[in-house]
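Worksheet: the structure to be examined is printed underneath.
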Protein chains: 2
Amino acid sequence: MKIKVDRQDKAILALLQADASLSVAEVAEKVGVSKSACWRRMQKLEEAGVIRERVTLLNQDKVNLPLTVYVSVRTNQHNDRWAERFREVVEGVPEVLEVYRMSGDLDYLIKAVVTDMPGYDRLYKELIKADLFDVSSSFVMESMKQTTQLPLRYLQEKTQ
Amino acid sequence: MKIKVDRQDKAILALLQADASLSVAEVAEKVGVSKSACWRRMQKLEEAGVIRERVTLLNQDKVNLPLTVYVSVRTNQHNDRWAERFREVVEGVPEVLEVYRMSGDLDYLIKAVVTDMPGYDRLYKELIKADLFDVSSSFVMESMKQTTQLPLRYLQEKTQ
DNA sequence: TGTGAAAAGATTAGCAG
DNA sequence: CTGCTAATCTTTTCACA
């Protein structure tokens, strides 16, 4: 489905991306539309699937997960059964937050969070159950930028 | 500050991580505490900084950013001026969502979203303004897991 | 669209254990 | 202190101009 929005919709999305706890009235005021117009726009954006979900982000340190690690994985078994097994393993490990199949010479990229090095070691042992060929880990030393806000400039604008 | 929570707090956090739009009443009911008890717990968790923010996640495809790319960066200039310049560049590019300084042989890992290959090329040109030594990009072919929900099992539990 | 009213929810205060 | 109940205030939702 082709999505087209106008300037107001973009402004609404930008605000909601930054803060999901804004009330409809606050958003409406900032964007310069009436409360109910704003509410209807938000409904439409949700129905259209532009808005995926509203989530609460927790502080990694405060939940005792200060270490973030990226694990590059290569396999020599390029078959469906292996892929299915791999999917099951990563799905079952809650420390694994993201898993991507990648282009280029590494096959998969995993982002995970752990408490400390022993925690990483446990994670590692858990992961290699999936029968991985080559694993290389890199730890996050410092987070210089981290946002969930997508740029909206590439979203086609409705010309009125 | 040391954070200690009990079973109820964990349950609240788990629910809010999954869905920030739940009402206090809904959370209270699921957790099995009263509405206002639940509200006060939520306040405390926010004050304690366990809850960082509530955000709205948009659908990447619907905002015309279907391509995700990880850019590994190495530099030969390990000085503060270069680091500051690098920080400014990535901060100023909205397609760049995450930037980490890493352990190991790569220096920085960048996660970015773009519309298509020409979009990636524009991003690349933007990034190399920071005077990078070695850049290697890998594209996300398939997202197999993607969550913002942190596991809560490592959060110290208050023994009552 | 926007207005406004009814329903649902959030927040505060007072009280009990 | 923590939690419950009730009163009040805010926000959401929806009919209608």
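Reminder, nothing fancy here: chain letters follow the sequence lines and each chain counts from 1. Because only heavy atoms are used, hydrogens play no part in the values below, and waters and symmetry mates are left out as well, while side chains stay in.
Of the candidates dT2(D), dT3(C), dT5(D), the closest approach to any side-chain atom of S34(A) belongs to dT3(C). Across dG3(D), dG2(C), dT12(D), the shortest atom-to-atom separation from the side chain of W39(A) is found for dT12(D).
For Q8(B) and dC1(D), the CD to P distance is 19 Å, given to the nearest whole Å. The separation between E29(A) atom CD and dT11(D) atom C1' is 15 Å, rounded to whole Å. Q43(A) has its CD atom 17 Å from the P atom of dT11(D), to the nearest Å. Distance, R40(A) CZ to dC14(D) C1': 9 Å, rounded to whole Å. The separation between K44(A) atom NZ and dT13(D) atom C1' is 17 Å, rounded to whole Å. As rounded to whole Å, 8 Å separates atom P of dT11(C) from atom CE of M42(B). Taking atom CD of E47(A) as the reference point, atom C1' of dT13(D) lies 14 Å away to the nearest angstrom. The CD-C1' distance, from E26(A) to dT11(D), rounds to 10 Å in whole Å.
Donor-acceptor pairing under 3.5 Å, judged by distance alone, is present between the side chain of S36(A) and the base of dT3(C).
Taking the six-membered ring wherever Trp is involved, the centroid distance between the rings of Y108(A) and F86(A) falls below 6.0 Å. A ring-centre distance under 6.0 Å is found for Y120(A) and F139(A).
In terms of phosphate contacts, K35(B) brings no side-chain nitrogen or oxygen within less than 4.0 Å of OP1 or OP2 of dA6(D). Residue R41(B) places no side-chain N or O under 4.0 Å from the OP1 or OP2 atom of dT2(D).
No more than 12 heavy atoms of other residues, nucleotides or ligands sit less than 6.0 Å from atom CZ of R7(A).
With the end axes of the helix from dT1(C)-dA17(D) to dG17(C)-dC1(D) each set by five pairs, the angle from one to the other reads 20° at 10° resolution.
M42(B) and V55(A) sit in two unconnected hydrophobic clusters of ILVMFWY residues. Membership requires side-chain heavy atoms under 4.5 Å apart, directly or through other members. Under the 4.5 Å side-chain heavy-atom criterion for grouping Ile, Leu, Val, Met, Phe, Trp and Tyr, L97(A) is not connected to L57(B) through any hydrophobic cluster.
Defined by atom type and a distance below 3.5 Å, a donor-acceptor pair is present between the side-chain atoms of D131(B) and Q77(B).
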Quiz item: Could you go step by step and tell me if R74(B) and D107(B) meet the salt bridge (Lys or Arg N to Asp or Glu O under 4.0 Å) rule?
Solution: CA-CA 5 Å; R74(B) 286 198 300 145; D107(B) 293 318; 5.8 Å; no

